[in-house]
Amino acid sequence: MKGYTVQGDRILVTGGAGYIGSHTCKALAYAGYEPVVYDDLSNGHAEAVLWGPLVKGDVRDVDRLASTMSAHSISGVIHFAGLIEVGGSMRRPDLYWDHNVNGVAAVLSAMRQADVSRLIFSSTAAVYGTPAQPGLLSETDALGPINPYGDSKLAGERMIAASCNAFGLEAVALRYFNASGADPEGQIGEAHNPETHLIPLAIEAALSGQSLTVFGSDFPTPDGFCMRDYIHVADLARAHVLALGLDRIDGGFEAMNLGRGVGASVVEVIEAVGNACGRPPLHTIGPRRAGDPPMLVADPSRARARLEWRPEFDDLQTIIDTAVAWRRDRRFGVTSALPNAA
Ligand code: UFG
């Protein structure tokens with residue numbers, strides 16, 4: 001097995017045509033790595049693959065993954081490819097278990113075939129489920145997803161940890177809180193279709209005059225609205241590069257939270273979007289969305305210590321400003337009508 005990766009190495013980025021994946025490719029390229037994107041383009045965009053080759057393939061296809069790793073002399077893998085919507089996972093759990101769990105199994109199997117030993121895994125705060133008490137979530141807190149998306153990601157983490165133990169692989173699972181914002185240089189940004197995330201939908205509402213539905217106002221939080229920890233996508237991207245370059249991975253597998261450690265409610269997000277757009281998004285209060293925990297805010301101290309990582313975009317308004325700049329001048333992607341537009 002090879003040791004930890006060094007600059008100049010080629011890194012396979014599954015899902016590298018997607019939102020966080022493409023920003024990570026940019027960060028990899030700037031750090032001296034060559035990203036090789038592996039993506040089926042079902043949700044990603046070929047236009048977002050700007051820093052290395054694109055191989056089209058299904059993430060559950062072990063043979064294609066292994067032959068891509070060998071053909072490109074890959075020395076590390078960052079695995080993003082998967083399904084990402086909490087709400088979608090409640091409606092189609094079968095798809096989430098298939099893509100997210102079988103995808104991890106295929107990546108692990110291909111890595112062993114191609115003799116690649118280091119993996120960075122795109123995980124999520126959804127592995128924590130509904131925290132037992134309010135406060136910052138640390139990696140030692142209880143894990144208990146409350147939706148199939150979180151279940152499938154936690155299963156992926158566990159499969160990876162077992163493979164590290166059994167086969168000598170080394171992996172870091174990065175548990176993202178709410179990825180947001182866009183490349184400050186405007187080259188890439190968020191372009192899901194259909195879009196389900198709060199910030200792009202609130203921007204769409206502000207710019208189009210349609211109304212956004214707020215999912216619930218009776219949560220046990222200070223203002224009654226759901227609270228999340230919004231972290232800039234470029235800060236997330238940088239953390240992947242740092243994890244890839246770690247000298248050693250304790251016990252072969254480590255999990256780390258990536259967030260700012262600061263919560264914002266849905267209404268605070270709506271206000272910041274209004275500031276950035278010059279007019280507030282119209283919104284109405286609807287029922288809660290199934291599977292939404294009231295509050296998810298990171299204790300990011302482990303990532304700070306282990307990766308010497310600190311978010312550079314450290315306030316919500318700046319993060320949202322980059323998202324609005326991308327939406328006003330985006331280079332690819334369309335936004336469908338607001339799902340619950342009034
Ligand atoms: N929300 C609305 N209206 C909308 C969309 C969202 O009120 O139209 C609310 C949600 O109820 C939630 C908040 O805005 O309270 C954020 O919702 P998002 O859909 O933007 O994001 P989630 O918190 O549901 O999920 C995101 C990622 C997941 C990840 C999770 C971790 O999509 O992959 O953050 O916190 F697991």
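In each ligand, atom 1 is the first atom listed, and ligand 1 is the first ligand listed.
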* State plainly whether the residues R260 and D315 are in salt-bridge range, i.e. N to O under 4.0 Å. => no
* Asked: Which atoms from ligand 1 have a heavy atom of A126 less than 4.0 Å away?
  -> 36 (F)
* To do: Only one of Y176, W326, F313 passes ring-ring contact (aromatic ring centres under 6.0 Å, His included) with H232; say which it is.
  => F313
* Who gets closest to atom 29 (C) of ligand 1 by heavy atom: D229, T124, I285, D292? -> T124
* Mark up the atoms of ligand 1 that fall under 4.0 Å of a heavy atom belonging to L201, in ascending order. => 8 (O)
* Asked: Is it true that V266 and F177 fall in one hydrophobic cluster, defined by side-chain heavy atoms closer than 4.5 Å?
  -> no
* Could you list the atoms of ligand 1 found under 4.0 angstrom from a heavy atom of L212? => 8 (O)
* Structure fact -> Among Y230, Y176, F215, Y19, closest by heavy atom to atom 16 (C) of ligand 1 is Y230
* Can you find a non-hydrogen atom of F225 under 4.0 Å from ligand 1? -> no
* To do: Run the numbers for me: atoms of ligand 1, each under 4.0 Å from some heavy atom of L296, listed by number.
  => 35 (O)
* Would you say V266 and ligand 1 have an N/O pair spaced under 3.5 Å apart? -> no
* Whether H197 and H192 hold their rings parallel, tilted or perpendicular, with breakpoints at 30° and 60° -> tilted
* To do: Report the part of R228 (side chain from C-beta onward, or backbone N, CA, C, O) that has a heavy atom under 4.0 Å from ligand 1; answer both or neither where that applies.
  => side chain
* Give the C-alpha distance, both sets of side-chain angles, the deciding distance and a yes or no for ring pair (Phe, Tyr, Trp, His ring centres under 6.0 Å) between Y33 and H240. => CA-CA 12 Å; Y33 293 98; H240 292 75; over 10 Å; no
* Structure fact -> Counting from 1 in the order shown, the ligand 1 atoms closer than 4.0 Å to a non-hydrogen atom of A125 are 31 (C), 35 (O)
